[in-house]
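So the structure is just underneath, and the comments pick up after that.
To find a chain, count down the sequence lines: A is the first, B the second, and so on, and within it residues start at 1.
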2 protein chains.
Amino acid sequence: MSRKTFQRLSLDDRRRSLMEATLSCVARHGLHGASVRRITEEAGVTVGLVRHYFGSKDEMIRNAYAYLVGQLTAQASESANRGEGSPETQLSRFLRANMTMPNMAEETVSLWATFIGRVRHDPGFAEIHRDGYREFLSVLETLIEPVLIRHGCPHSVAICKNHAIALNGLVDGLWMEGALNSGLYARDILPDLVITSAERLLGLPAGVLADPQGTLQQPLQRSKQLEQPEQKSKAS
Amino acid sequence: MSRKTFQRLSLDDRRRSLMEATLSCVARHGLHGASVRRITEEAGVTVGLVRHYFGSKDEMIRNAYAYLVGQLTAQASESANRGEGSPETQLSRFLRANMTMPNMAEETVSLWATFIGRVRHDPGFAEIHRDGYREFLSVLETLIEPVLIRHGCPHSVAICKNHAIALNGLVDGLWMEGALNSGLYARDILPDLVITSAERLLGLPAGVLADPQGTLQQPLQRSKQLEQPEQKSKAS
DNA sequence: CACATTGTTATACAATTGAATAATTTATCA
DNA sequence: TGATAAATTATTCAATTGTATAACAATGTG
């Protein structure tokens, strides 16, 4: 009947450990299956620490949600601020990253959706969501503007913001349905799909994002002009 | 100490009543707060009926999810099969409907997200989701194809399907973020935004969906004869 | 090495949970 | 009207929930 041996962790380490265990449990069992006991067992500690570090279970879950959103936005910001390559390369890389693996993990999407369901009724959740969404929009605007400029497209603040809203919607939707992968189509069509869709949404010439270096566009004049018939109609 | 008076309902009525109470509770309190007692109280009955009609709480929730998805897809299908107006009008109407009120109710989006979070781990949920998603894609393809044809755009089955996937992603994403309405922008910009975005995604001339009748297009140089404005029959 | 600090465990507790069973009322039909 | 079927209520039950409190032990400071 000896007591469990343990080691004391720093406040940050223990909190992070508990938040990650919370996310893991919520992803696996849903909010209704993520009990204090399951979470603390996952973290390798006993139930008392929840009260000690977060005051209550609800507060711990709120912190875990903020932690998740922080991770997502941080890697988005990083992707935007790396600054390597042309604007087209950066935007393209960002979009592709959102349609491929570590980002499009089913677990992340499940978590995201589960928490989104609480945003409406829990002001704490709503604030966390809003901050993350704002950050994501901001990243997109930052990525979009220089691309628009380089191709002579309208690029006022209002236009950039609208483009960011629409592009974010596209990415969110594809990200979610793609991660759930209902089997209605192969997941690996999504990176190319989001790229060409983004070109069209922003009114860019075809291929500008698909092939940012222009390596494939040596001799080709404006082939594949199936997009932007608005200009075509003006010509004809 | 008299017993509660009650009236016997038909199997369908009682089941529907319980499923709607379930959705109401899940939307308000989340999956973890939707207990059998709260749900049955909301439905005005006692707890025993859950077992009697669904066998278990989990099965009742699964049925409620299927009921929700059925409603969403039904009104989508109806919107597509009404067949009133030009193809552009139909597609435009469908897109606008998804970005305006009864469809974009916060409650519906909260419900949708909450259940999505369970799709990954519960095969029953996954099947319901897949069927609904397939139906939604199908509706979009049906709406998209004639529009593409009328404007001379490529319209193979594969192309239509890709367009449907992208457009559905856009609609899903805007629908969700718009319903949560974090206050970062006014909700009423979304109908126009989704319309112009759709025009670009599909490679249509600007304004084709925004103004399906062409009332604002004075220069009739374009082959406008193709449009058969049967819109007059809308009055009847 | 003694000792205070406090991170951590262990346990208790009331409340709530989903499910099962028995009792009772409603509706239907002859 | 009276009997029958079954929809619904009432109640019980064990299990689980979140939280609170007290006992303990790991850590580092003197």
Side-chain angles (χ1 to χ4, degrees), chain A residues 1-26 28-65 114 118 121-122 124-125, chain B residues 1-26 28-65 114 118 121-122 124-125:
Chain A
M1 294 287 279
S2 68
R3 277 202 163 205
K4 177 186 176 189
T5 67
F6 61 90
Q7 70 173 357
R8 307 164 84 128
L9 257 60
S10 75
L11 186 139
D12 281 345
D13 285 347
R14 187 60 81 194
R15 281 175 62 96
R16 186 170 343 112
S17 162
L18 281 168
M19 290 188 293
E20 285 172 354
T22 301
L23 294 181
S24 167
C25 276
V26 171
R28 229 171 330 153
H29 309 104
L31 269 179
H32 72 289
S35 68
V36 168
R37 283 168 179 79
R38 254 206 274 251
I39 293 171
T40 50
E41 185 190 19
E42 169 101 11
V45 295
T46 53
V47 293
L49 290 198
V50 171
R51 176 178 159 80
H52 188 261
Y53 280 102
F54 297 97
S56 73
K57 177 200 175 189
D58 282 348
E59 197 56 35
M60 178 170 73
I61 291 189
R62 243 173 254 125
N63 276 270
Y65 178 42
T114 300
R118 299 303 318 140
H121 292 285
D122 187 317
F125 278 54
Chain B
M1 295 287 280
S2 68
R3 277 204 164 207
K4 177 187 176 188
T5 65
F6 62 92
Q7 70 172 354
R8 307 163 80 126
L9 258 58
S10 75
L11 188 139
D12 282 344
D13 285 346
R14 187 60 81 195
R15 282 177 60 97
R16 186 169 346 111
S17 162
L18 281 169
M19 291 188 293
E20 286 173 353
T22 301
L23 295 181
S24 167
C25 277
V26 171
R28 230 174 328 160
H29 309 104
L31 269 179
H32 72 288
S35 68
V36 169
R37 283 168 178 81
R38 255 206 274 252
I39 293 172
T40 52
E41 185 190 19
E42 168 102 10
V45 295
T46 53
V47 293
L49 290 197
V50 171
R51 177 176 158 82
H52 187 260
Y53 279 101
F54 298 97
S56 72
K57 177 201 174 188
D58 282 349
E59 196 57 36
M60 180 170 72
I61 291 188
R62 240 172 257 125
N63 276 270
Y65 178 42
T114 300
R118 301 302 317 141
H121 293 285
D122 187 317
F125 278 54

Which heavy atom of B:Thr114 sits nearest to which heavy atom of B:Val26, and what is that distance?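 Result for this residue pair: CG2-CG1, 3.9 Å.
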Could you report the tightest heavy-atom contact between B:Arg118 and A:His29, atom names first, then the distance?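 Closest approach of B:Arg118 to A:His29, heavy atoms only: NH1-C, 3.2 Å.
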Rounding to an integer number of Å, can you tell me how far [X] [atom1] sits from [N] [atom2]?
| X | N | atom1 | atom2 | result |
| --- | --- | --- | --- | --- |
| A:Gln7 | C:dT8 | CD | C1' | 12 Å |
| A:Arg15 | C:dG7 | CZ | C1' | 15 Å |
| A:Phe6 | C:dT6 | CZ | P | 15 Å |
| B:Arg3 | C:dT24 | CZ | P | 6 Å |
| B:Lys4 | D:dT9 | NZ | P | 4 Å |
| B:His52 | D:dA10 | NE2 | C1' | 15 Å |
| B:Leu49 | D:dA10 | CG | C1' | 12 Å |
| A:Leu9 | C:dT6 | CG | C1' | 14 Å |

Pull out every residue in residues 30-45 of chain A that has a heavy atom closer than 4.0 Å to any atom of DNA chain C, ordered by number, or say none.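 Correct list: A:Arg37, A:Val45.
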Less than 4.5 Å apart, side chain to side chain, heavy atoms only: is that true for [X] and [Y]?
| X | Y | result |
| --- | --- | --- |
| A:Tyr65 | A:Thr22 | no |
| A:Ile61 | A:Phe125 | yes |
| A:Glu42 | A:Arg38 | no |

With distance as the sole test, does A:Ser17 use its side chain to make a donor-acceptor pair with the main-chain N or O of A:Asp13 at under 3.5 Å?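 Flag not set: sc A:Ser17 to bb A:Asp13 has no pair under 3.5 Å.
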Does any N or O donor sit under 3.5 Å from an N or O acceptor when you compare the side chain of A:Arg51 with the base of D:dT19?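 No.
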OP1, OP2 of C:dT8 versus side-chain N and O of A:Arg14: anything below 4.0 Å?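 Yes, because at least one side-chain N or O of A:Arg14 sits under 4.0 Å from OP1 or OP2 of C:dT8.
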Which residue pairs pass the side-chain hydrogen bond (donor to acceptor under 3.5 Å, both in side chains) test with at least one member in residues 45-61 of chain A, sequence neighbours excluded?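 Matches after skipping sequence neighbours: A:Glu59-A:Arg62.
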Passing candidate, side-chain contact (heavy atoms from CB on, under 4.5 Å) with B:Val45, options B:Thr40, B:Ile39, B:Leu9: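 The passing option is B:Thr40.
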Output the residues of residues 53-60 of chain B in contact with DNA chain D, where contact means a heavy atom of the residue under 4.0 Å from an atom of the strand; sort by number or write none.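 Heavy-atom cutoff 4.0 Å gives B:Tyr53.
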Gap separating the SG atom of B:Cys25 from the CZ atom of B:Arg37, nearest 0.5 angstrom: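 B:Cys25 SG to B:Arg37 CZ: 13.5 Å, rounded to 0.5 Å.
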